[in-house]
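A quick write-up on the structure given underneath.
All values derive from a computational prediction rather than experimental measurement. Side-chain atoms are counted along with the backbone in the values below, which use heavy atoms only and exclude waters and symmetry mates.
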Amino acid sequence: MAGEVGVELGAMLSTLLRRVAAAEQAVLDEHDLGMWDHAVLYALRAGAAASQAELAEATGRDKTRLIRHLDALEARGLITRTPNPQDRRLHVVTLTEAGRAVLGRCHERITEAEDTVLGGLSTDDAQQFRRLLTSLTRD
């Protein structure tokens with residue numbers, strides 16, 4: 001109908017994001033990780049970052065604010081930082097085996113939490129929803 005105002009996509013996504021973030025935060029709390037810590041581990045899952053600036057770009061975190069997360073993750077043995085052989089002013093950031101293990105445990109539990117959030121959908125609809133989001137969020 002002309003003039004009728006429906007729910008906007010941004011509003012719906014905002015509500016869903018809050019629900020998903022709350023469910024995921026409970027899992028991260030179990031592993032003593034913050035959201036940005038998890039974002040760093042997740043960004044490193046496919047391989048090392050050639051620099052901290054590259055990692056900041058990949059996570060969407062300001063590079064000056066990323067340092068404290070890197071310090072904490074390195075202190076826990078979840079990542080390593082080594083001088084970049086091409087430019088020793090830069091540091092290559094790598095996920096350790098311990099970091100990969102924590103990320104794997106988080107991933108399993110986060111998937112379960114997401115399934116709970118999507119529990120109102122049929123299995124087929126939940127899979128389709130994930131496929132559509134994947135399509136919409138590809139770079």
Side-chain angles (χ1 to χ4, degrees):
M1 282 187 140
E4 186 174 318
V5 177
V7 180
E8 296 171 349
L9 184 58
M12 290 185 289
L13 289 173
S14 176
T15 299
L16 180 60
L17 178 60
R18 283 192 310 274
R19 290 177 187 163
V20 170
E24 290 183 1
Q25 189 59 56
V27 173
L28 298 179
D29 288 346
E30 293 172 11
H31 293 88
D32 195 27
L33 293 172
M35 187 248 328
W36 289 110
D37 300 324
H38 180 258
V40 167
L41 298 178
Y42 189 80
L44 294 171
R45 74 195 182 286
S51 70
Q52 292 175 181
E54 180 182 287
L55 185 57
E57 175 81 19
T59 61
R61 184 72 163 160
D62 178 84
K63 62 184 175 183
T64 60
R65 293 176 179 243
L66 184 66
I67 299 299
R68 72 180 180 93
H69 301 288
L70 297 179
D71 289 344
L73 292 169
E74 188 173 39
R76 291 180 58 189
L78 302 179
I79 65 163
T80 59
R81 290 182 283 187
T82 56
N84 185 320
Q86 282 76 40
D87 185 343
R88 296 186 59 78
R89 294 171 296 170
L90 305 177
H91 289 90
V92 176
V93 184
T94 307
L95 191 61
T96 65
E97 285 305 313
R100 195 167 298 286
V102 167
L103 183 61
R105 288 192 300 273
C106 285
H107 177 72
E108 288 176 24
R109 296 270 293 114
I110 285 172
T111 300
E112 292 170 4
E114 290 170 349
D115 288 346
T116 299
V117 171
L118 298 177
L121 301 176
S122 70
T123 301
D124 289 343
D125 284 348
Q127 289 173 346
Q128 178 66 9
F129 181 72
R130 287 179 185 272
R131 280 192 297 273
L132 292 169
L133 281 178
T134 299
S135 178
L136 290 170
T137 58
R138 280 198 187 111
D139 289 339

Exercise. What's the shortest heavy-atom distance between A39 and T59, and which atoms?
Worked result: O-CG2, 3.7 Å
Problem set entry | Partners meeting side-chain hydrogen bond (donor to acceptor under 3.5 Å, both in side chains) with Q52 (sequence neighbours left out) | R81
Problem set entry | Partner set under side-chain hydrogen bond (donor to acceptor under 3.5 Å, both in side chains) for T116, not counting sequence neighbours | none
N/O donor to acceptor pairs below 3.5 angstrom from side-chain atoms of residues 30-37, sequence neighbours left out:
| from | atom 1 | to | atom 2 | distance (Å) |
| --- | --- | --- | --- | --- |
| E30 | OE1 | R109 | NE | 3.2 |
| E30 | OE1 | R109 | NH2 | 3.1 |
| E30 | OE2 | R109 | NH2 | 2.4 |
| H31 | ND1 | V27 | O | 3.1 |
| D37 | OD1 | H69 | ND1 | 3.1 |
| D37 | OD2 | G34 | N | 2.8 |

Exercise. What distance separates L118 CG from T123 OG1, expressed to the nearest 0.5 Å?
Worked result: 10.5 Å
Problem set entry | Side-chain touch Y42/I110, heavy atoms, less than 4.5 angstrom | no
For this session: Give every residue pair that meets the salt bridge (Lys or Arg N to Asp or Glu O under 4.0 Å) criterion with at least one member in residues 8-20, sequence neighbours excluded.
Result: none
For this session: Could you tell me whether a side-chain N or O of R45 sits under 3.5 Å from a main-chain N or O of R100, the two making a donor and an acceptor?
Result: no
Exercise. What residues, two or more places apart in sequence or in another chain, satisfy side-chain contact (heavy atoms from CB on, under 4.5 Å) together with A98?
Worked result: L78, T96
Problem set entry | Where at least one partner belongs to residues 115-126, residue pairs that pass salt bridge (Lys or Arg N to Asp or Glu O under 4.0 Å), sequence neighbours excluded | D115-R130
Problem set entry | Donor-acceptor contact below 3.5 Å, side chain T111 vs main chain H107 | yes
For this session: Mind checking the CD-CG spacing from Q128 to L133? Nearest 0.5 Å is all I need.
Result: 10.0 Å
Seminar exercise, completed: With sequence neighbours left out, the residues meeting side-chain contact (heavy atoms from CB on, under 4.5 Å) with L9 are M12, L13
Exercise. How many angstroms lie between atom OG1 of T80 and atom CG of L73, to the nearest 0.5 angstrom?
Worked result: 11.5 Å
For this session: Tell me, with the steps shown, if L44 and L103 meet side chain to side chain contact (heavy atoms under 4.5 Å, CB included).
Result: CA-CA 10 Å; L44 294 171; L103 183 61; over 6 Å; no
Exercise. Which heavy atom of A23 sits nearest a heavy atom of V117, and at what distance?
Worked result: CB-CG2, 4.0 Å
Exercise. For A72, which residues count as a side-chain contact (heavy atoms from CB on, under 4.5 Å) partner, sequence neighbours excluded?
Worked result: none
Problem set entry | Residue pairs involving residues 82-95 (criterion side chain to side chain donor-acceptor pair (under 3.5 Å); sequence neighbours excluded) | D87-R89
Exercise. With E57, which residues qualify under side-chain hydrogen bond (donor to acceptor under 3.5 Å, both in side chains), at least two apart?
Worked result: none
Problem set entry | Contacts of type side-chain contact (heavy atoms from CB on, under 4.5 Å), residue A21, not counting sequence neighbours | none
Seminar exercise, completed: Taken in chain and number order and not counting sequence neighbours, the residues that satisfy side-chain hydrogen bond (donor to acceptor under 3.5 Å, both in side chains) with T64 are D62
Exercise. How far apart are the closest heavy atoms of A48 and V92, and which atoms are they?
Worked result: CB-CG1, 3.7 Å
